[in-house]
2 protein chains.
Amino acid sequence: MVHRPVPFDELDRKIVAALIANARTSFAEIGADIGLSATAVKRRVDRLRESGIITGFTATVRPAALGWRTEAYVEVYCEGAAPPRRLAEVVRNHPEITAAMTVTGGADALLHVRATDVEHFEEVLERIRTEPFIRKTISYMVLSHLLPDSPEAGAARPAAEGAADLR
Amino acid sequence: MVHRPVPFDELDRKIVAALIANARTSFAEIGADIGLSATAVKRRVDRLRESGIITGFTATVRPAALGWRTEAYVEVYCEGAAPPRRLAEVVRNHPEITAAMTVTGGADALLHVRATDVEHFEEVLERIRTEPFIRKTISYMVLSHLLPDSPEAGAARPAAEGAADLR
DNA sequence: AATGAAAATGGTCGAAC
DNA sequence: GTTCGACCATTTTCATT
């Protein structure tokens with residue numbers, strides 16, 4: 001997964017900024033803003049995607065509007081050495097885990113978990129704690145967002161869409 | 001900021017799913033998949049945006065490809081009572097803070113911070129700790145992602161784009 | 001209320017330079 | 001990098017149910 005460095009200039013920077021601000025902006029409009037033809041913008045976007053700088057285009061949603069009203073960070077402590085490969089498998093078993101990473105400090109991993117409500121969150125936590133080599137967890141429930149427009153506040157991964165049914 | 005409940009059916013769910021998977025999918029293509037005309041899909045997307053269910057469309061990028069190679073979660077402890085309003089102001093002073101929330105547990109807030117490297121991260125941390133009523137911070141550096149496709153792994157807020165210059 | 005069909009405008013994308 | 005042309009998508013208007 002090593003990406004070779006790829007030329008990236010001021011025009012690319014502006015294109016990426018425009019697409020982060022609105023992924024549906026037309027290449028023609030971006031081109032007009034930065035002084036390039038639509039075709040040139042398209043070729044640069046194609047290159048930015050192929051080189052792995054742009055990884056995709058997604059809609060951002062308010063999870064609460066789809067029934068995901070509860071959110072927490074969970075520190076995970078494992079028995080003995082916890083190989084990240086094995087941890088990643090565990091994480092993929094639980095669609096409510098929307099982000100997971102290994103971190104410095106006492107915990108082996110930090111999980112971001114979304115649930116429909118506190119009861120659902122408790123159920124998820126019990127499911128995670130039943131996994132073979134998880135020793136303990138410490139949860140921090142999110143109370144309110146201080147940057148309401150951050151990606152973490154609004155994004156939902158596709159695996160979590162089922163909750164739309166539950167509202 | 002209270003959103004009235006709005007009708008949301010199975011077709012809306014599929015439209016949202018399609019746009020989360022690819023924000024640039026055409027209305028005609030979504031319509032063909034779910035049995036609706038492009039016009040009907042457009043009208044539903046317009047309504048989903050107006051009702052605040054869809055908050056926007058964004059490009060996802062690999063921050064590392066743009067020079068943001070360091071990432072951490074930072075617990076913040078304040079002097080005395082920390083009104084979230086005041087905390088939010090502090091957070092907005094530091095563009096490297098990409099997400100921030102109040103949480104249960106000992107800390108008053110949890111921050112997600114992106115920096116170009118460890119030196120930059122140290123500088124950000126010192127800047128945050130100089131803020132009037134911050135008492136202490138505890139940092140957890142992110143080592144590796146266990147769900148590489150999660151929004152937290154790939155998204156960057158526009159305020160952080162400057163780093164593209166630094167690579 | 002929500003849909004589809006039609007028409008005008010505007011965008012995409014390959015080919016050629 | 002650009003222009004051109006064919007095709008496709010978006011958006012408004014209007015008629016239908």
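Chain letters run A, B, ... following the sequence lines, proteins first and then strands; every chain starts at 1.
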Problem set entry | Closest to the B:L36 side chain, choosing from D:dT11, C:dT3, C:dG11 |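 In terms of side-chain proximity for B:L36, the closest of D:dT11, C:dT3, C:dG11 is C:dT3.
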For this session: Tell me whether A:V91 is reachable from A:F121 by hopping between hydrophobic residues (I, L, V, M, F, W, Y) whose side-chain heavy atoms are closer than 4.5 Å.
Result: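 They do share one cluster, since a chain of ILVMFWY contacts under 4.5 Å joins A:F121 to A:V91.
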Expressed in angstrom and rounded to an integer, what is the separation of [X] atom [atom1] from [N] atom [atom2]?
{"X": "B:K42", "N": "C:dA6", "atom1": "NZ", "atom2": "P", "result": "19 Å"}
{"X": "B:D46", "N": "D:dT10", "atom1": "CG", "atom2": "P", "result": "11 Å"}
{"X": "B:I15", "N": "C:dA2", "atom1": "CD1", "atom2": "P", "result": "13 Å"}
{"X": "B:R47", "N": "C:dT3", "atom1": "CZ", "atom2": "P", "result": "8 Å"}
{"X": "B:D9", "N": "C:dA1", "atom1": "CG", "atom2": "C1'", "result": "13 Å"}
{"X": "A:R49", "N": "C:dC13", "atom1": "CZ", "atom2": "P", "result": "11 Å"}
{"X": "A:L19", "N": "C:dT12", "atom1": "CG", "atom2": "C1'", "result": "14 Å"}
{"X": "A:F27", "N": "D:dA9", "atom1": "CZ", "atom2": "C1'", "result": "13 Å"}

Exercise. Less than 4.5 Å apart, any side-chain heavy atom of B:V6 and any of B:F8?
Worked result: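 When only atoms from C-beta onward are counted, B:F8 and B:V6 do not touch, as no gap falls below 4.5 Å.
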Exercise. Side chains of B:F27 and B:L36: closer than 4.5 Å at any heavy-atom pair?
Worked result: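 B:F27 does not reach B:L36 side chain to side chain.
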Exercise. Given that both distances must come in under 3.5 Å, which nucleotide forms a Watson-Crick or G-U wobble pair with D:dT13?
Worked result: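 Looking at the geometry, D:dT13 pairs with C:dA5.
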For this session: Under a 3.5 Å limit for both distances, which nucleotide forms a Watson-Crick or G-U wobble pair with D:dC4, could you say?
Result: C:dG14
Exercise. Any side-chain N or O of B:R44 under 4.0 Å from OP1/OP2 of C:dT3?
Worked result: yes
Problem set entry | Contact under 4.0 Å: A:T39 side-chain N or O vs D:dT2 OP1/OP2 | no
For this session: Could you check B:S37 against A:R43 and say which one's nearest nucleotide on DNA chain C is further toward the 5' end?
Result: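 By nearest-heavy-atom nucleotide position, the 5'-most residue is B:S37.
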Exercise. In terms of the nearest nucleotide of DNA chain C, which residue is placed more toward the 5' end: B:A40 or B:R24?
Worked result: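 Its nearest nucleotide lies further toward 5', so the answer is B:A40.
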Exercise. Just wondering, more than 12 heavy atoms not from B:E89 lying within 6.0 Å of its CD?
Worked result: yes
For this session: Could you check A:D12 against A:R47 for salt bridge (Lys or Arg N to Asp or Glu O under 4.0 Å), going step by step and ending with a plain yes or no?
Result: CA-CA 10 Å; A:D12 290 318; A:R47 206 198 62 220; 2.9 Å; yes
